[in-house]
Amino acid sequence: MTRLIAGWLYKGKTSRYEATMSELPKAYEPQAVEKQWYEAWTANKCFQADENSSKEGYSIVIPPPNVTGILHIGHVLNNSIQDILARRARQQGKEVLWLPGTDHAGIATQTKVEKKVRDEEGTTRRELGREEFLKRVWDWKDEHGGIIIQQLKRLGCSCDWDRERFTMDDDYSAQVSKVFVDLFNEGLIYRGKRMVNWCPKSLTALSDEEVIMKPKVSKLYFMKYELVDAPGEFLEISTTRPETLMGDIAVAVNPDDERFKKFVGRKVRRPFPAAEIEIIADDHVDVEFGTGCLKITPAHDKADFEIGERHNLEIIDVLHADGTINCPEVPELDGLDRFQARRKAAAMLEEMGLLIKVEEYENNVGFSERADVVIEPRISMQWFLKYPAVKEATDAVNNGDITFRPKRWESTYNNWMGNLQDWCISRQLWWGHQIPVWYRKEKSFELREKESLDMNDLKSGDIYVGVEPPTDGSEWERDEDVMDTWFSSWLWPFATMDESTKKKFYPTADLVTGPDIIFFWVARMIMAGYRFADQLPFKNVFFTSIVRDDKGRKMSKQLGNSPDPLDLMDKFGADGLRFGLMRIAPTGTDIKFDEDTISEGRNFANKLYNACRFRQIQGAGVIALDSFDKLDSHHIDILAKLDKLDVNLDAAYDNYRFNDVTGQLYEFFWTEYCDKFLEAIKFDFRSDDESAKARTLAVIDTVLARYLAHLHPLMPHITEELSAKMGYLPAGQFLMTSTTDKTPVLTGLSAEKVEEGQQIAASLYETAGRLRNLKSEYNLASSKDVKFVVKPIADWVGGECDTLATLAGAKEIQLQADYDPPQGTPAAVTTFGEVYMPLDGLIDMDAEKSRLDKEIAKITKEVEKAGKKLSNPNFIERAKPEVVDVERARLAEWEGKLEQLRSMRGALA
RNA sequence: GCGCGAUUAGCUCAGUGGUAGAGCAAUGCCUUGACAUGGCAGAGGUCACAAGUUCAAAUCUUGUAUUGCGCACCA
């Protein structure tokens, strides 16, 4: 079938085309075309960036998708925009680098492979050991890791695939380690035992950004502890976590709380394991909340930990890393999962008569972003980073060196930058960049347990921080943790480039990403750029919309509400998907996904294809537009609008208004070119005037060739296909690598001529609308025998009548300056003059009367409205003259129409 | 609690002070020679609400309501 299309469209084969025309598919079939062109581009290295080029450089680095990932609709949006920017930059004659790659995605990937190992080999990573397990991960990555890359290719992404990078490439890893070493030596990285967010499923620490707060209905347990020195007297305490009761070391009250002042310093009995714990006073306690008494569990709550530090309290850890209870003294609970233990502990309290009541209570609970389980605050040994280059990074965004679009994200950025917490960068995983810290073997155990560790500890000589272990002949053991994945991706804009590439392409021009990773990634990249590459990493950040489902919910695997982009491409083509999505998406607010919009993209591709087919039917061979003298008004009009389109597109692109770009392209082609122009010129093709036909074909070729180039960034495949097959490009040349000609197409005509042509064309289309309207009102739409009589308003009218008849679907338009219409003949005042539609008495008079009455009432209202406005002296004095003119013209028009309707009505009565 | 958005036709959304728009859906007509993934025509809106500024407000100001998102707190 593809061959047939190709054969059909190929220039110079008119006879063959005519012979096969009836068999041609009327609908565009994107699948084969898209595949074929992508292969052609790749084979001809069209995407390759040359760092030695003398052309101006333009670069984008892809936000690296997870190597485990599969394409979702957000990726499509994001990468379509990048592709549009890259392709447009090429058309502007720039040397373009769009640098692709993937991210190793520590937790996600490790979890996936652990599951595979468990399912297929029935073993665990610990049993396999670090080295063996990592081998499995690499195997998995090599086998399945590139799926998303293939999917991006299907979408048409013009990345320089020869430069594809991975965050765990050897040289990339070396840079990550070196950054760690440098920051350590600078004193910005340190190790310490801190309260961190712990994921009991992935068994690792997480950064604050990886914790998602969700509102949950919890139970608030009210219980009572007996006072040691006053048996039978109790202190009431409320808690949501009775299962950590064994870790209580105190009960706190607010020092200003009159109710409890007398208890401070005394002791209560902890029920299990039985112990006497002190009542302390601390400002943190909210008098209003619960009973006003707070149990203190320093090991399992961030606030309690801080209170514990202030009062120098003992830390009793009663949880294992996986969230099960670690408390042999209470065998009923020991080993239970934390949530089971919660119910069990409550039951035990009840048995002991210490549980007063249980209330439902809504609070926010932290969940781990990846594993989606409740986070456990946990004290553990971790590595932390104090952020570098904070001031430069903050200033850059605020002084305009880096532009955020939409601008409002600046405040989100500033807010976070102003409240930076040290970044927990260590993860208790194996898949990732291992911390480049080495301990002398004999002292390894002791050093690993050391409460805090920073650059001062290097002096001992037993610790070494460096990419490779020291070569002093002694044995060294490496720190077992790996770094947060984002600790590698924050280097992405420059760590992916070698020196000469950096020279040409760094800093990058645009970053296109979602606002949800503004902290995770964007802010950190800016800091890393200033600290390690001496300047900003990108000049513009475009934050895309977040795509939601039709109910406004975020797309998610669990809900199953995420459409598969591959299905969409099967149904609508990659071009259709891109176009449809761009038409609605990038307005800065969230968008609801609607498949109908995507079908609009497919429909548009089909329209384009058929309009080109129409051109081919008129004969093969490209005709140059070399004379402007004899152009008709509608020729001039479409050429002028094409030039205007060029200007409008520039403006829309400059402001990153991709929906505008798409809207302009759509409007020009569908409304202006197809609905108006193509219909208007059909008269030319029915006539015998060969030179007129040739002129029209030249205009068509001029418009289509330029238009296809304009459309190319959005719909790369079909435009490449049509440009080639229509013969708009020299053989062997690609549209995607051709610089777009920006010189106006409409030259050789005076501004007055252009203006006049456009005005006549506007009249033509408007009048055609009026005539169709008249026909439709009298239910004559299907009749081909409708005849109009025009009393021409000027000389040019005669020359437009044939075209007008074509557009209006009329059999004939007569010019008759002295026409005397029969009473009641429908008429319209048009910019061509008065137009009459003789009815020959075929109309139902009663229906006509009531129609006219309704119409008269409607227009009377309009006249009153406009008259009121124009009789307002303030309006006349202070409104802009052109506004007043428009209003006056409008009133005059209504009044004319009203008068006419009344006379028609009078004739009928 | 603080901050940032949103609210326009049945639906999805454009619209930066001057005649309220598009696509889809729904209605009527049209298989005419590029396209039914199409054409033509008509219908459909108190621009969330209230007050203000202005000759003029969907648009600017203030407030209210509804809703989404982020941050903080949460025993």
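Side-chain atoms are counted along with the backbone in the values below, which use heavy atoms only and exclude waters and symmetry mates.
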Considering only the [atom1] atoms, how many Å lie between [N] and [M], rounded to the nearest integer?
N	M	atom1	value
B:U67	B:U8	P	15 Å
B:G17	B:G39	P	34 Å
B:C60	B:G15	P	12 Å
B:A20	B:A57	C1'	13 Å
B:G44	B:C24	C1'	14 Å

| query | Do A:Asn254 and A:Asp286 meet the criterion of a side-chain donor-acceptor pair at a distance under 3.5 Å? | reply | no

| Flag for A:Arg613-A:Asn610: side-chain donor and acceptor within less than 3.5 Å | yes

| Which part of the nucleic acid, if any, lies within reach of A:Leu220 when heavy atoms closer than 4.0 Å are counted: base, sugar-phosphate only, or nothing? | sugar-phosphate

| request: Scan A:Arg615 against the nucleic acid and name what it touches under 4.0 Å (heavy atoms): base, sugar-phosphate only, or nothing. | output: nothing

| request: Compute the centroid of each ring, for A:Phe289 and then for A:Tyr361, and state whether the two points are separated by less than 6.0 Å. | output: yes

Looking at residues at least two apart in the chain, or sitting in another chain, which of them share a salt bridge (Lys or Arg N to Asp or Glu O under 4.0 Å) with [X]?
X	value
A:Glu359	A:Lys357
A:Asp248	A:Lys295
A:Asp684	none
A:Lys682	A:Glu679

| Distance-only, no hydrogens or angles: does the A:Arg270 side chain make a donor-acceptor pair with backbone N or O of A:Met246 under 3.5 Å? | yes

Would you tell me if any nitrogen or oxygen in the side chain of [X] comes within less than 4.0 Å of OP1 or OP2 on [N]?
X	N	answer
A:Arg772	B:C40	no
A:Lys295	B:A75	no
A:Asn773	B:G42	yes
A:Lys682	B:A34	yes

| Donor-acceptor pair under 3.5 Å: do we get one between A:Lys607's side chain and the base of B:C35? | yes

| task | State whether the distance check finds a donor on one side and an acceptor on the other, under 3.5 Å, for side chain A:Glu288 versus base B:A75. | result | no

How long is the line joining [atom1] of [X] and [atom2] of [N], in whole Å?
X	N	atom1	atom2	answer
A:Tyr28	B:A36	OH	P	17 Å
A:Asn414	B:C2	CG	C1'	16 Å
A:Ile718	B:A34	CD1	P	18 Å
A:Arg770	B:C40	CZ	P	17 Å
A:Glu679	B:C30	CD	C1'	13 Å
A:Asp283	B:A75	CG	C1'	16 Å
A:Ile598	B:C11	CD1	P	20 Å
A:Asp701	B:A34	CG	P	17 Å

| Nearest listed nucleotide, side chain of A:Arg408, among B:G5, B:G39, B:A34 | B:G5

Atom pairs, protein N/O to nucleotides 18-22 of chain B N/O, distance under 3.5 Å:
{"unit_1": "B:U19", "atom_1": "O2", "unit_2": "A:Arg890", "atom_2": "NE", "d": "3.0"}
{"unit_1": "B:A22", "atom_1": "O2'", "unit_2": "A:Arg583", "atom_2": "NH2", "d": "3.3"}

| request: Scan for salt bridge (charged side-chain N to carboxylate O under 4.0 Å, His left out) pairs involving residues 237-246 of chain A, sequence neighbours excluded, and state none if there are none. | output: A:Arg241-A:Glu243, A:Arg241-A:Glu376, A:Glu243-A:Arg342

Quick one: which protein N/O atoms are closer than 3.5 Å to N/O atoms of nucleotides 57-62 of chain B? Pair and distance per line, please.
none

Show the distances under 3.5 angstrom between N or O atoms of the protein and N or O atoms of nucleotides 68-74 of chain B.
{"unit_1": "B:C73", "atom_1": "N4", "unit_2": "A:Asn364", "atom_2": "ND2", "d": "2.4"}
{"unit_1": "B:C74", "atom_1": "OP1", "unit_2": "A:His284", "atom_2": "NE2", "d": "3.1"}
{"unit_1": "B:C74", "atom_1": "O2'", "unit_2": "A:Tyr361", "atom_2": "OH", "d": "2.4"}
{"unit_1": "B:C74", "atom_1": "N3", "unit_2": "A:Asn364", "atom_2": "N", "d": "3.4"}

Using the ring-ring contact (aromatic ring centres under 6.0 Å, His included) criterion, which residues pair with [X]? Sequence neighbours excluded.
X	value
A:Tyr413	A:Phe404
A:Tyr765	none
A:Tyr666	A:Phe604, A:Trp670

| task | Under the side chain to side chain contact (heavy atoms under 4.5 Å, CB included) rule, collect the residues that match up with A:Phe685, sequence neighbours excluded. | result | A:Phe614, A:Gln618, A:Ile681, A:Lys693, A:Thr696, A:Leu697, A:Ile700

| field | Upstream residue (5' side of RNA chain B) when A:Phe604 and A:Ser238 are each assigned their closest nucleotide | value | A:Phe604

